[in-house]
Amino acid sequence: MRIAIGTAPRGRVALVDLADPSQPLAVLGPAGLPAAVAELERQRPRWVWSDARRWYPALLAAGVRVERCHDLLLGGAIVEGSADVVAARAAGAEPRPRWLSAAPNLAGVDGAIAVAPSVAASARATALFDLDEFDEVHDESFSVDAAGSAPASAGSADASEGAAEASGALAGDVPVDAVVVEYLRQMRLVETSARPRAMQLLLAAESAGALIGVELRSAGLPWDRVVHESVLERELGAKPKHGWKPARMEALALEVRTALEQPTVNLDSQVELLRALRRAGIQVASTGKWELREHDHPAIEPLLAYKRLARLLSANGWSWLDEWIVDGRFRPDYVPGGTATGRWATSGGGALQLPKNVRAAVVADPGWKLVVADAAQLEPRVLAGLARDEALAGAARGTDLYRGIVDAGVVETRDQAKVAILGAMYGATTGDSGRLVPRLARAYPRAMALVDRAAAVGERGGQVTTNLGRSSPVPPASWRETQARASDPDATAVDERRARSAAREWGRFTRNFVVQGSAAEWALCWMAALRTRLSTLAPSSTLAARSGRAFEAVPHLVYFLHDEIIVHTPADRADEVAAAVAECAADSGRLLFGDFPVDFPLDLAVVDSYAMAEG
DNA sequence: ACCTGCCGCGCC
DNA sequence: AAAGGGCGCGGCAGGT
């Protein structure tokens, strides 16, 4: 069963069964939606909606979880960009609707936007049905007395979203008939794509990610403010008065200025600092710490210490704590599919850059545990699977792929194996890494050929595609102009050099894209499977379920970082959860690479604090 | 008072 | 101990 959710005239919401779109299942006010969804969810439908970030928070706030969805914004971005769908798009020639351009990565992509019906137009009568006919029609079983029995959304963490709803239209508001039309269009593109099964799986996994992104925010990452404050005090000293710098930073700044013999230089200004360093005889091209480290001067050590503290203060200091930690939870705004490769992004809070030294503040609730798991050397394993490289998969058989490469006699040390692998995937040509890559190529020719091919395609300006069918963007017009200028008869040496450099740069991007993007798919399938598994585990036998919250007493995901997840679980369920996490990793490998023998072992820990997980 | 671009640096 | 890919964010610089 598939049910579309979209807007209807006069601020209402409509539900349409895709098996019978001749008339809606229900047309109701926004307040009635959670109860209606909860009722229909018993039939385990796939909810089809414009954007999980638009529709799902209010449901979760009312305590309603859904099992699966199709997220049109994310699905649209994939099918519009995929080289596997090019023929299907051309054959069908159905226009992409304008509202899809809100999708991550789709804003600048060519599409038949001009001929798409505008939201306003499709909000009126359509071929499917006229919602105005359904003024008073809705199934009594969904009806919710506005005065009473509706699950309360007051007290939700997201007052702002409620306010936006009250004030009118939200981004992602799409008339239900347009939702149906777009869903059917996407399904036709999937069916006629080069690899329908893979594309279907990708859209399902991406949509599961869309649900998880909202759920992670709703659940929140348990955060101990006291521990965080003690980290800050240990590093920075006492909390300074508002608008002041911590005394320890001031002391370090004084030390630097003294050593440089420039008592007024402002260390926070790159321009001033660079000038001061040079005047003191330290010949650097930038103020970056990697370059500073190379120099021997009494100003360097306190300067590096100052920079480290300045970073901590501005990125995760007391004001971050006040802004982002509410009621013991960190609730970042995840953006699934927010990057070109399909990795997630976040907006606000820097959730994907939590410094190691503040992770101590991630602490399980009393009676709860954190199950922390990350996939060991995910990307080279994915590369082995993608390339069907038996030799590399052999080296990956144990828990330490780099050790496996050493044991195979390819390089001498684990460190060499690591930089060589990274160099192969990122396109290093110089340094230790670049020198080791040829040895890797001899040992693992299939894997190396795959990334080399991806790089060659990119250098020509072509698209490359992941395991499941997500394609890299085409290079921007400015890139193509640079290439065109170089092939002009009177191109200068500078033009040619610039074009070569830009071509190689795009080649490094596409080289990495296939690996990073396919690894993101593995992680998505892992997490989606885990989410399903967790929902089948019984609530804790020792923690009484309190009402009103979606995540009381049951294990749930609270964090995701590219190849790493954290589950917050009642302590008595931790071992079951850990086993499920590992099984789902193995399942994801089989799902994506069939019986090709590549392992996906995890570093897995059951801990009270994130800092106690090996990282 | 804003905006954009760039740097530097945290994470994978 | 830094080079290659992907990001977000804070801060400064330089513009309007």
Side-chain angles (χ1 to χ4, degrees), chain A residues 104-105 245 266-275 284-294 303-304 306-317 319-320 323-324 332-335 337-359 374-380 382-383 415-416 418-437 440 451 454-455 458 464 466 470 472-473 501 504-520 522-523 559-565 603 610 615:
Chain A
N105 301 317
K245 243 177 233 178
N266 173 11
L267 303 189
D268 298 327
S269 160
Q270 288 165 36
V271 176
E272 275 188 55
L273 178 58
L274 187 61
R275 193 158 8 106
V284 285
S286 75
T287 63
K289 67 174 176 181
W290 298 114
E291 197 181 351
L292 288 174
R293 231 171 237 182
E294 299 302 308
L303 176 55
L304 291 175
Y306 176 89
K307 281 168 150 297
R308 200 176 63 79
L309 296 186
R311 167 74 189 187
L312 175 62
L313 177 66
S314 74
N316 297 99
S319 25
W320 182 89
E323 183 178 354
W324 287 100
D333 189 8
Y334 290 94
V335 187
T339 78
T341 60
R343 274 189 177 180
W344 289 18
T346 54
S347 102
L352 305 184
Q353 299 110 251
L354 283 184
K356 300 241 161 143
N357 59 348
V358 309
R359 292 182 181 186
D374 77 278
Q377 306 111 20
L378 176 60
E379 292 190 352
V382 165
L383 174 56
D415 242 32
Q416 287 180 330
K418 188 173 178 174
V419 295
I421 282 285
L422 293 177
M425 294 190 306
Y426 294 158
T429 55
T430 60
D432 290 351
S433 178
R435 275 190 293 282
L436 288 165
V437 167
L440 218 56
V451 287
V464 295
T466 61
R470 190 191 309 263
S472 62
S501 161
R504 285 208 203 89
E505 193 177 319
W506 199 260
R508 285 195 298 275
F509 168 52
T510 53
R511 170 191 294 271
N512 185 249
F513 183 96
V514 289
V515 181
Q516 188 184 119
S518 300
W522 181 92
Y559 192 56
F560 174 52
L561 181 53
H562 308 316
D563 61 356
E564 179 171 356
I565 54 102
D603 287 325
Y610 191 12

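In the text below, chain A, chain B and the rest are named by the order of the sequence lines, each starting its count at 1.
Nearest approach of G423(A) to S433(A), heavy atoms of both residues: CA-OG, 3.1 Å. Heavy atoms only, all atoms of each residue included: G349(A) and W320(A) are closest at O-NE1, 3.1 Å. Minimum heavy-atom separation, W344(A) to H562(A): O-CE1, 3.8 Å. For the residue pair R511(A) and A454(A), the shortest heavy atom distance occurs at CA-CB, 3.9 Å.
With sequence neighbours excluded, the residues that form a side chain to side chain donor-acceptor pair (under 3.5 Å) with D432(A) are R435(A). By the salt bridge (Lys or Arg N to Asp or Glu O under 4.0 Å) test, R311(A) is found to be paired with no residue, residues two or more places apart in sequence or in another chain being considered. Contacts of Q516(A) classified as side chain to side chain donor-acceptor pair (under 3.5 Å), with partners at least two apart in sequence or in another chain: T341(A), N512(A). A search for side chain to side chain donor-acceptor pair (under 3.5 Å) contacts involving T287(A) returns nothing, not counting sequence neighbours.
Contacts of S433(A) with the nucleic acid, taken as non-hydrogen atoms under 4.0 Å apart, include base atoms. No contact: G434(A) has no heavy atom under 4.0 Å from any strand.
When distances are taken from the side chain of E505(A) to each of dG5(C), dC12(C), dG6(C), the shortest belongs to dG5(C). In this structure, the nucleotide among dG5(C), dG10(C), dA1(C) sitting nearest to the side chain of D415(A) is dA1(C). When each of dG5(C), dA3(C), dA13(C) is scored by its nearest atom to the side-chain atoms of V271(A), the top-ranked nucleotide is dA13(C). Checked against dG8(C), dG5(C), dC7(C), the side chain of A340(A) finds its nearest nucleotide in dC7(C). Checking dG8(C), dG4(C), dG5(C) against every side-chain atom of A345(A), the shortest atom distance belongs to dG8(C). Distance from the side chain of R343(A) is smallest for dG6(C) among the nucleotides dC7(C), dC12(C), dG6(C).
The interatomic distance linking N512(A) (CG) with dC7(C) (C1') rounds to 12 Å, in whole Å. In this structure, the CH2 atom of W506(A) is 18 Å from the P atom of dG4(C), given to the nearest Å. Computed from coordinates, the K245(A) NZ to dG11(C) C1' distance equals 11 Å when rounded to whole Å. Put simply, CG on L436(A) is 13 Å from C1' on dG4(C), counting in whole angstrom units. For the pair Q416(A) CD and dA3(C) C1', the computed distance is 15 Å after rounding to whole Å. Note: CG (L422(A)) to C1' (dG4(C)) measures 9 Å, nearest angstrom. In this structure, D563(A) atom CG and dC12(B) atom C1' are separated by 6 Å, rounded to whole Å. Protein atom CZ of R504(A) is 13 Å distant from nucleotide atom C1' of dG4(C), rounded to whole Å.
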Expected string for nucleotides 4-11 of chain B under the B/S/- scheme (protein heavy atoms, under 4.0 Å, primed atoms plus P, OP1, OP2 as sugar-phosphate) is ---BBBBS

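Note on S347(A): every side-chain N or O is 4.0 Å or more away from OP1 and OP2 of dG8(C).
Residues Y334(A) and L352(A) have side chains in contact (heavy-atom distance under 4.5 Å, counting atoms from C-beta outward).
Surrounding NZ of K418(A) are at most 12 heavy atoms belonging to other residues, nucleotides or ligands under 6.0 Å away.
Summary of the strand contacts: G338(A) and E272(A) both lie near DNA chain C, and taking for each the nucleotide with the nearest heavy atom, the more 5' one is attributed to G338(A).
Centre separation under 5.5 Å together with a plane angle under 30° holds for the ring of Y426(A) and the six-membered base ring of dG5(C), marking them as stacked.
Over its full length, the helix from dA1(B)-dT16(C) to dC12(B)-dG5(C) turns its helical axis through 10°, comparing axes from the five pairs at each end and rounding to 10°.
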